[in-house]
Amino acid sequence: MSSPSLPLSGKRALVTGAARSIGAAIALKLAQDGADVAVTYEKSADKAEALATEIRALGRKAVAIQANAASGEAVKNAVEKTVTDLGGLDILVNNAGIARMGAFADQPLEEIDDQFNVNVRGVLLTTQAALRHIPDGGRIITIGSNVGLQVPFGGLTVYAATKSALESFTRGLARELGPRQVTVNLVRPGPIDTDMNPADGPIAANVLPGLSIPRYGQTWEVAEAVAFLAGPGAAYVTGNGILVDGGAVA
């Protein structure tokens, strides 16, 4: 049983693409704040189940659901299973995403389609399915990127386009759902130390000179921003987002 003193006590959350890195940090933080949490994963079943076990150790309900974020049927089923297993859905965190870097002139159609299918289509379809269940006062939070606002170097064109699309989607949906007190926001990470973009990786030398705080961020720092937007203190914040990027877009 969640403690009434916790800001998300009694809430039910779904975090997509949460087997590792940023998604796992978000799921764990929401559980620490009192929420029951469902997580989706594509391939990392062991990591997702380990995360669910860690969440249950906090006294919360947890479920790990296999789902390909690019499949409309899979994400719809994931939402339905969340509602069944947790008893409802109050908070959706659209975290699943992929990046395929490379010069646009040479980028294969498959890589372009993959990024739009996961980063844009997947977010829209997951959100649409969730809206059948999210009550008044609920929360929709999408993990965008600072490159949706400013592209610091080449090779990110398609990825940046997908993240920019989420900016308009967030603003439009915030207008639609505002009368229901459902807030819709983005968290825009910059360079975060993850498996996909390690702090000692090949692009770090290009990234670090553009930061105000000259280091890569940590996954928990993104999770803290998500937790704020999910909590009662952000009830009047909608159609916008938080940059967690070390001042890269300052």
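Atoms considered below: every heavy atom in the structure, side chains included; atoms not considered: hydrogens, waters and symmetry mates.
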Do Thr127 and Asn94 pass the side chain to side chain donor-acceptor pair (under 3.5 Å) test, and can you show the C-alpha distance, the side-chain angles, and the key distance before you say yes or no? CA-CA 8 Å; Thr127 303; Asn94 289 304; 3.0 Å; yes

Would Arg188 and Lys163 satisfy side-chain contact (heavy atoms from CB on, under 4.5 Å), going step by step from the backbone distance to the final call? CA-CA 9 Å; Arg188 308 181 186 99; Lys163 293 301 185 177; over 6 Å; no

Give the intermediate values and the outcome of side-chain contact (heavy atoms from CB on, under 4.5 Å) for residues Leu186 and Glu167. CA-CA 8 Å; Leu186 287 164; Glu167 298 282 335; 3.3 Å; yes

Test Val93 against Thr142 for side-chain contact (heavy atoms from CB on, under 4.5 Å), laying out the working first. CA-CA 6 Å; Val93 182; Thr142 299; over 6 Å; no

Verdict with supporting geometry, Val15 and Ile91, side-chain contact (heavy atoms from CB on, under 4.5 Å): CA-CA 8 Å; Val15 185; Ile91 301 162; over 6 Å; no

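Connection of Ile98 to Tyr159 is not established within any shared hydrophobic cluster, with ILVMFWY side chains joined at heavy-atom distances below 4.5 Å, either directly or through further cluster members. Residues Val147 and Leu208 share a single hydrophobic cluster, defined by chaining ILVMFWY side chains whose heavy atoms lie under 4.5 Å apart. Put simply, Val222 and Val123 are part of two different groups of oily side chains (I, L, V, M, F, W, Y) that touch within less than 4.5 Å, one to the next. Placement of Phe116 and Phe169 within a single hydrophobic cluster is found when ILVMFWY residues are connected by side-chain heavy-atom separations under 4.5 Å, directly or transitively.
Asn185 places a side-chain N or O within donor-acceptor distance of the main-chain N or O of Asn240, the cut-off being under 3.5 Å. A donor-acceptor pair under 3.5 Å is formed between the side chain of Thr194 and the backbone N or O of Asn197. At least one donor-acceptor pair under 3.5 Å links the side chain of Arg60 to the backbone N or O of Ala31. The closest donor-acceptor contact from the side chain of Gln66 to the backbone of Glu42 lies under 3.5 Å.
Leu8 CG to Leu30 CG: the interatomic distance, rounded to the nearest 0.5 Å, is 6.0 Å.
A side-chain hydrogen bond (donor to acceptor under 3.5 Å, both in side chains) with Arg12 is found for one member of Thr82, Asp90, Asp85, Asp36 and no other, namely Asp90.
Shown here are the side chain to side chain donor-acceptor pair (under 3.5 Å) partners of Glu221, two or more places apart in sequence or in another chain: Arg215. Partners of Arg180 under the side chain to side chain donor-acceptor pair (under 3.5 Å) rule, at least two apart in sequence or in another chain, are Asp136.
Closest approach of Gly137 and Val182 over heavy atoms only: N-CG2, 3.9 Å.
Gln128 has its side chain out of reach of Leu124: every pair of non-hydrogen atoms, C-beta onward, lies at least 4.5 Å apart.
Residue-environment remark: CG (Asp46) stays at or below the threshold of 12 foreign heavy atoms within 6.0 Å.
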